[in-house]
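Report on the following structure.
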Amino acid sequence: MDAFELFRKLGAGAKFDLKRFGQDAARSHVGEASSNAFSAIDYFGTGVTSRSQSSPVELDDGGGDDNEEENEVSGAEGKRKQRDEEKDWTAGGPLKDMEGSGITWTSSLDRKIQNLPSDGKEKSSLKRMKHLHQEKVNRIRSQHRINVHGCDVPDPVSTFEDLQSEYRLSPRVLQNLKDAGLTSPTPVQMQAIPLMMHGRELLACAPTGSGKTLAFCLPLLAQLQQPANLGFRAVVISPTRELANQTYRELLRLSEGVGFRVHIIEKASLAAKKYGPQSNKKYDILVSTPNRLVFLLKQDPPALDFSSVEWLVVDESDKLFEGGKTGFREQLAAVFLACSGSKVRRAFFSATCTPDVEQWCRLNLDNLVSVNIGHRNTAVDSVEQKLLFVGTENGKLVAMRDIIKTGFLPPMLVFVQSIDRARELFHELVYEGINVEVIHADRTQQQRDNVVNSFRAGKIWVLICTALLARGMDFKGVNLVLNYDFPTSSVEYIHRIGRTGRAGHQGKAITFFTENDKPLLRRYTQISNFKHIHKVKRRLENKPPTRSTICTTPRILMKKKGKAPNTGPKGEKQAAGGEQKEKRQSQTAVLQQKGEKKTKGQEQKRRNKTQKEGGSEKHKKTTSNSSGAKLKRYCVCVHVFIV
DNA sequence: AAAAAAT
């Protein structure tokens, strides 16, 4: 097996994480179950939801990746019920209308059947038609690798137009879809949209870049129908502000001309006035990270009213279910509690799903439907994955410079493990004459926003980032994801490389690994023979080295964490600033060597602009060295690929 | 294990 093959395994997760992480997750929550506020029974047993709990349906995801879980349905009773329910929906049995939704689930075929005269002979032929219809539905599902589990599952929709005819999606929204260049639904959209339109609670698991955002945004718009002055009727929760913002923008785009009021909380302090209970202006849809919601809900009186929420969407649900002292889990629980309305429905979406999340959904959601697209917890095959042995930390830098020098097609995302390492790598690369930026949670929101915008605009070629950007972010045309630091789990790996190869496009991912990462790699892949990987190492070592350039580097990269004692955040920043200043001069020197002369006037102009944008000057200075035009030139003159 | 998340 060569490195490539090995990596396939890593990404495709054959033996990779499923059981291991499943067990880990289960283990880490054992102690919590009784005390954690999110513990299902404590939490929802308090009569917060008045819905009748249908008996849990055994969910067999077919992947066999949750075998270690105890089966919740015990005894013959449960089994029988499950069989009955399955029989019901696979036979395409008649369905109840959703209360109050006014939407009939009945398919067009069923309507036809109802309209026909019903003597005995007709009936039997109709039965046959129904059977054929069900076969067709099954074919569509298997063709798109849609796996559903649950009872009374509506048919998937094959076109967006069907959403208009069957679910009264506004024509304007349909037009907005078309304007955005979206012509037909992706598999997760085909199945999840009808489900949400029927008010069904669901857990949807679909690969990165497969259109999950649209899969919940469309039904929100379609089901809320039109703006109402009721306060928030739908809430979407995301793990990062960047993702929340992206979802918000998506909702704005889709609802353009429909008059929905979509909102995102920018500053919690301003939030209360804007749409607190006493405010006149009522928004329909809210997108936010959870903690600021908790903050607002906790105020006395609460600055937020979630009593009219009809839909609560939890994006990246496995992330938001992370427990522990500092995890999101408790925050999520508080938000759930605040949605006190009787008709609140919940939907969970993610590319990866832990048994933990699934079990919670199974126990707590009303008549859960679980949708899985393809195999669970796998990397998308539209990403060409490569694994590169670089020996040591220094080797990473060598290989990184090699990639930059040999040529690559920007933009590229570079993932590192920690904020410190992000800073360090940025300092290393700032002088390479490329457009590099860095983003992590320690930067100001203004800086973060600027970086994301510039990256979207193609002004940044290399963006160094932490896990902040690992999930959900949809940057069009990221050509390469570089895992500079080895990901700490398969789940993280899947999300990171999922920033490329989206929406059917091709992408590339390279992952560096060192001697130190081997145990991790071995653990993930259960591979003990590194013979072939050493070959890769040799190849790298035989390359005409760019070694002369690394002599300035090790000091920083080898630096141990927790280095300077008693430097608070402030002291640290100042120190970094000083360092930066010093280095900026040397950078200028490099640039001039390369013939990138700039007049003083230009320089000043740029600086002013930078300051107006509120970006950090040190960063902006490097990125603004190059405009879009220069980027193009770069793309042309460097040859496309690497490694 | 680290990152992210309110003011």
Side-chain angles (χ1 to χ4, degrees), chain A residues 17 20-21 24-25 27-29 38 235-247 264-274 276 286-300 302-304 314-335 338 350 352 354 413-425 438-449 451-452 464-473 483-493 495-496 499 516-517 519-521 523-524 560-562 569:
Chain A
D17 81 306
R20 174 176 302 281
F21 279 84
D24 286 352
R27 224 175 288 131
S28 65
H29 287 115
F38 212 55
V235 177
V236 180
I237 305 184
S238 308
T240 64
R241 290 179 210 153
E242 280 67 21
L243 184 55
N245 197 34
Q246 180 179 288
T247 306
I264 184 165
I265 302 178
E266 262 145 18
K267 263 263 193 279
S269 53
L270 305 173
K273 285 178 205 148
K274 261 189 144 170
L286 178 65
V287 187
S288 178
T289 47
N291 208 22
R292 39 183 68 187
L293 295 182
V294 174
F295 176 75
L296 291 167
L297 290 164
K298 266 201 310 213
Q299 311 218 322
D300 189 26
L304 268 184
V314 182
D315 199 8
E316 305 294 346
S317 43
D318 53 334
K319 181 73 189 173
L320 290 171
F321 260 71
E322 267 180 15
K325 213 170 187 179
T326 52
F328 280 116
R329 201 168 172 130
E330 275 185 57
Q331 300 168 23
L332 194 59
V335 175
S350 188
T352 52
T354 58
L413 268 176
V414 180
F415 282 97
V416 292
Q417 199 44 51
S418 70
I419 291 175
D420 278 341
R421 288 188 57 85
R423 286 196 190 109
E424 291 161 6
L425 184 59
V438 62
I439 187 170
H440 50 68
D442 257 13
R443 301 202 69 186
T444 66
Q445 195 57 51
Q446 181 72 72
Q447 288 172 328
R448 284 163 62 167
D449 292 345
V451 168
V452 169
I464 299 162
C465 61
T466 58
L468 178 68
L469 292 192
R471 280 175 178 261
M473 296 308 293
N483 287 318
Y484 190 89
D485 289 338
F486 202 75
T488 49
S489 72
S490 66
V491 168
E492 190 180 2
Y493 175 75
H495 285 279
R496 281 182 182 186
R499 296 319 98 209
N516 292 337
D517 298 321
L520 209 56
L521 186 65
R523 215 178 99 187
Y524 291 163
K560 274 265 177 283
K561 269 207 79 170

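Note on naming: letters A, B, ... go to the chains in the order of the sequence lines (proteins, then strands), and numbering restarts at 1 for each one. These values consider heavy atoms only, across backbone and side chains, with no hydrogens, waters or symmetry-generated copies.
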### Query
Looking at B:dA5, B:dT7, B:dA3, which one has an atom nearest to any side-chain atom of A:T466?
B:dA3

### Message
Can you measure A:E492 atom CD to B:dA4 atom C1' for me and round it to whole angstrom units?
### Response
12 Å

#### Entry: Atom-to-atom span, CD1 of A:I265 to P of B:dT7 - whole angstrom
9 Å

### Summary
note: A:L468, atom CG; B:dA5, atom P; distance rounded to Å ~ 6 Å

### Task
Check whether any side-chain N or O of A:R241 sits under 4.0 Å from OP1 or OP2 of B:dA6, and answer yes or no.
yes

### Task
Check A:T247, A:T289, A:V452, A:V451 against A:E242 for a side-chain contact (heavy atoms from CB on, under 4.5 Å) and give me the one that passes.
A:V452

### Summary
Taken in chain and number order and not counting sequence neighbours, the residues that satisfy side chain to side chain donor-acceptor pair (under 3.5 Å) with A:H440 are none

#### Entry: Candidates B:dA1, B:dA6, B:dA4 - which lies nearest the side chain of A:I419
B:dA4

### Message
Base, sugar-phosphate or nothing for A:R448? Non-hydrogen atoms, less than 4.0 Å.
### Response
sugar-phosphate

### Task
Could you check which of B:dA2, B:dT7, B:dA4 has an atom nearest any side-chain atom of A:S418?
B:dA2

### Message
I need the CZ-P distance between A:R423 and B:dA3, as an integer number of Å.
### Response
10 Å

### Query
NA contact type, A:L293, heavy-atom cut-off 4.0 Å: base, sugar-phosphate, or nothing?
nothing

### Task
Mind calculating the distance between CD (A:E266) and P (B:dA6) to the nearest angstrom?
13 Å

### side chain to side chain donor-acceptor pair (under 3.5 Å) partners for A:S350, two or more places apart
A:D318

### Query
So, do A:F486 and A:L520 sit near enough that their side-chain heavy atoms are less than 4.5 Å apart?
yes

### Task
To the nearest Å, give me how far apart CD (A:Q445) and C1' (B:dT7) are.
14 Å

### Task
Tell me which nucleotide among B:dA2, B:dA4, B:dA6 gets nearest to the side chain of A:Q417.
B:dA2

### Query
Under 4.5 Å between any side-chain heavy atoms of A:L286 and A:L293, yes or no?
yes

### Task
Calculate the interatomic distance between A:F328 atom CZ and B:dA2 atom P; express it in whole Å.
17 Å

### Query
Taking atom P of B:dA5 as reference, at what distance in whole Å does atom CD of A:E242 sit?
6 Å

